[in-house]
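To start, the structure under review is shown below, and the notes come after it.
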Amino acid sequence: MNFFSSKKVELPKHNPVLEHALKIPSLQKLVGKRVILASNSPRRREILQTFGLSPEIVPSTFEETLPFGGFQDVHEYPVATATHKAVEVYERLVNENPDDAPDLVIAADTVVLTHPPPGLSGAPRFADEMPPPQDILEKPIDKDDNMRMLLDLNGGICEVVTGISLAFPVLEAPGYKVKSIEERTLVYFAQNENSLLEAYVASGEGQDRAGGFAIQGLGGMLVSKVDGDYNNVVGFPAASFFKFLDLLFEEEVDFLAD
């Protein structure tokens with residue numbers, strides 16, 4: 001009797017779920033699915049891999065040129081940008097290979113916003129007085145600009161907002177659906193000495209970062225407290241993302257349907 005079979009064991013063509021992933025529905029239902037991260041950010045990739053998800057990396061070619069002033073609520077800006085990224089990548093991959101279309105495209109956009117300083121956010125205002133507008137803190141153009149940003153943030157607060165958009169196939173036109181969430185986190189800066197700010201600027205770490213700092217690096221020395229999801233400040237709110245997947249499994253009949 002031959003106890004050994006010559007039949008070849010076929011592994012899934014796509015399997016983004018890593019061995020150390022928790023055995024939870026939001027991850028187990030991704031086994032064998034083609035999952036795409038529409039970003040080249042190493043931080044987003046590392047956060048997802050930490051929790052057991054390793055998607056294919058297909059950066060979006062969408063130019064992030066949406067007019068900031070065109071949004072009545074500034075928090076809609078990163079959600080809209082993430083949506084454009086998800087749709088661009090989904091449509092491109094379907095056109096390139098309709099027989100191997102993605103089951104899920106994950107796109108994200110993170111922005112840093114100004115925030116009223118402590119003591120002012122809850123200050124009484126006249127009934128018809130609007131709260132101070134929030135502005136986007138872009139990447140510094142040079143070290144002098146980086147120092148200016150940090151001086152403005154020193155002893156104050158900024159708000160980090162990430163929009164996440166998921167594109168997935170459905171039967172009705174146009175053949176896909178997009179669902180989105182946003183995550184908000186407040187970052188409190190310590191009252192740092194100018195010498196520390198100058199040393200940080202000299203390190204160059206903040207040059208390529210929105211707001212001029214990286215909390216997961218040397219910039220963590222400048223921060224006294226985080227109110228909300230730390231991973232959101234790094235670039236991807238993983239906890240909310242996986243809860244969002246669970247919600248879509250419950251509410252969307254076509255979501256990752258076999």
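- Rounding to the nearest 0.5 Å gives a distance of 14.5 Å between CG of L30 and CZ of R34.
- Between Y77 and F71, the ring-plane angle classifies as perpendicular under the 30° and 60° cut-offs.
- Under a 4.0 Å N-O distance rule, the pair K177/D254 does not qualify as a salt bridge.
- No cation-pi contact links K179 to F168, judged by a cut-off of 6.0 Å to the six-membered ring centre and 45° from its axis.
- One N or O on the side chain of Q134 and one on the backbone of T114 form a donor-acceptor pair closer than 3.5 Å.
- Taken from CG in L37 to OG in S54, the straight-line distance is 9.5 Å, to the nearest 0.5 Å.
- Residue E172 qualifies as enclosed at atom CD: its count of foreign heavy atoms under 6.0 Å is above 12.
- Both L197 and I215 are part of a single hydrophobic cluster, where members link through side-chain heavy atoms under 4.5 Å apart.
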Given Q28 and V17, is the side-chain contact (heavy atoms from CB on, under 4.5 Å) satisfied, shown in steps? CA-CA 8 Å; Q28 290 186 313; V17 181; over 6 Å; no

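- Salt bridge absent: E46 and R44 never bring a charged side-chain N and a carboxylate O closer than 4.0 Å.
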Could you check D135 against L113 for side-chain contact (heavy atoms from CB on, under 4.5 Å), going step by step and ending with a plain yes or no? CA-CA 5 Å; D135 296 317; L113 302 173; over 6 Å; no

Run the numbers on Y200 and F213 for ring pair (Phe, Tyr, Trp, His ring centres under 6.0 Å), then give the verdict. CA-CA 9 Å; Y200 182 70; F213 72 98; 8.0 Å; no

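- Shown are I106, I47, N232; of these, the side-chain contact (heavy atoms from CB on, under 4.5 Å) with F241 is made only by I106.
- In this view, D99 satisfies the salt bridge (charged side-chain N to carboxylate O under 4.0 Å, His left out) rule with no residue, not counting sequence neighbours.
- The local environment of CD in E63 is sparse, with at most 12 non-hydrogen atoms from other residues, nucleotides or ligands closer than 6.0 Å.
- At least one donor-acceptor pair under 3.5 Å links the side chain of D145 to the backbone N or O of I141.
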Could you check I164 against F236 for side-chain contact (heavy atoms from CB on, under 4.5 Å), going step by step and ending with a plain yes or no? CA-CA 8 Å; I164 294 179; F236 196 85; 3.7 Å; yes

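- In this structure, the side chain of K85 engages the main chain of A108 through a donor-acceptor pair within 3.5 Å.
- In this structure, N40 contributes its side chain and P59 its backbone to no donor-acceptor pair below 3.5 Å.
- Contacts classified as salt bridge (charged side-chain N to carboxylate O under 4.0 Å, His left out) and involving residues 225-246 (residues at least two apart or in different chains) are not found.
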Set out, in order, the CA-CA distance, both residues' side-chain angles and the distance that settles side chain to side chain donor-acceptor pair (under 3.5 Å) for E91 and Y176, then state yes or no. CA-CA 9 Å; E91 291 183 339; Y176 61 85; 2.8 Å; yes

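- Annotation for P16 and G32: closest pair CD-N, 4.3 Å, computed over non-hydrogen atoms.
- Salt-bridge annotation for E88 and R92: present, with a side-chain N of the basic residue lying under 4.0 Å from a carboxylate O of the acidic one.
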Given the rule in the side chain to side chain donor-acceptor pair (under 3.5 Å) test, do E183 and S240 qualify, once you have shown the distances and angles that lead to the verdict? CA-CA 8 Å; E183 183 78 14; S240 293; 2.7 Å; yes

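- The main-chain N or O of T50 is found under 3.5 Å from a side-chain atom of H20 such that the two form a donor-acceptor pair.
- With no hydrogens or angles considered, no side-chain donor-acceptor pair links H84 and D109 at under 3.5 Å.
- Of the possible donor and acceptor atoms, none in the side chain of R184 sits under 3.5 Å from a partner among the backbone N and O of E159.
- Cluster membership check: Y90 does not share its hydrophobic cluster with L256, using side-chain heavy-atom separations under 4.5 Å among Ile, Leu, Val, Met, Phe, Trp and Tyr.
- Qualifying ring pair (Phe, Tyr, Trp, His ring centres under 6.0 Å) partners for F242, counting only residues two or more places apart in sequence or in other chains: none.
- S180 places no side-chain N or O within donor-acceptor distance of the main-chain N or O of S165, the cut-off being under 3.5 Å.
- Between the side chain of S224 and the main chain of Y188, a donor-acceptor pair closer than 3.5 Å is present.
- For the pair L137 and A210, the tightest heavy-atom approach, listed with the atom from each and the gap, is O-CB, 3.7 Å.
- The side-chain heavy atoms of V161 and T110, taken from C-beta on, include no pair separated by under 4.5 Å.
- Nearest approach of L27 to A21, heavy atoms of both residues: CD1-CB, 3.9 Å.
- Note on R148 versus D144: no salt bridge recorded, every NZ/NE/NH1/NH2 to OD/OE distance being 4.0 Å or above.
- If you chain together hydrophobic residues whose side chains sit under 4.5 Å apart, L66 and V87 never meet in one group.
- Within the 3.5 Å criterion, the main-chain N or O of N192 finds a donor-acceptor partner in the side chain of N154.
- Here the straight-line distance linking atom CD1 of I57 with atom CZ of R45 works out to 5.5 Å at 0.5 Å rounding.
- Under the 4.5 Å side-chain contact rule for hydrophobic residues, I181 and L53 share a cluster.
- E205 places a side-chain N or O within donor-acceptor distance of the main-chain N or O of G219, the cut-off being under 3.5 Å.
- The minimum heavy-atom distance linking A107 with A86 is given by the pair CB-N, 3.5 Å.
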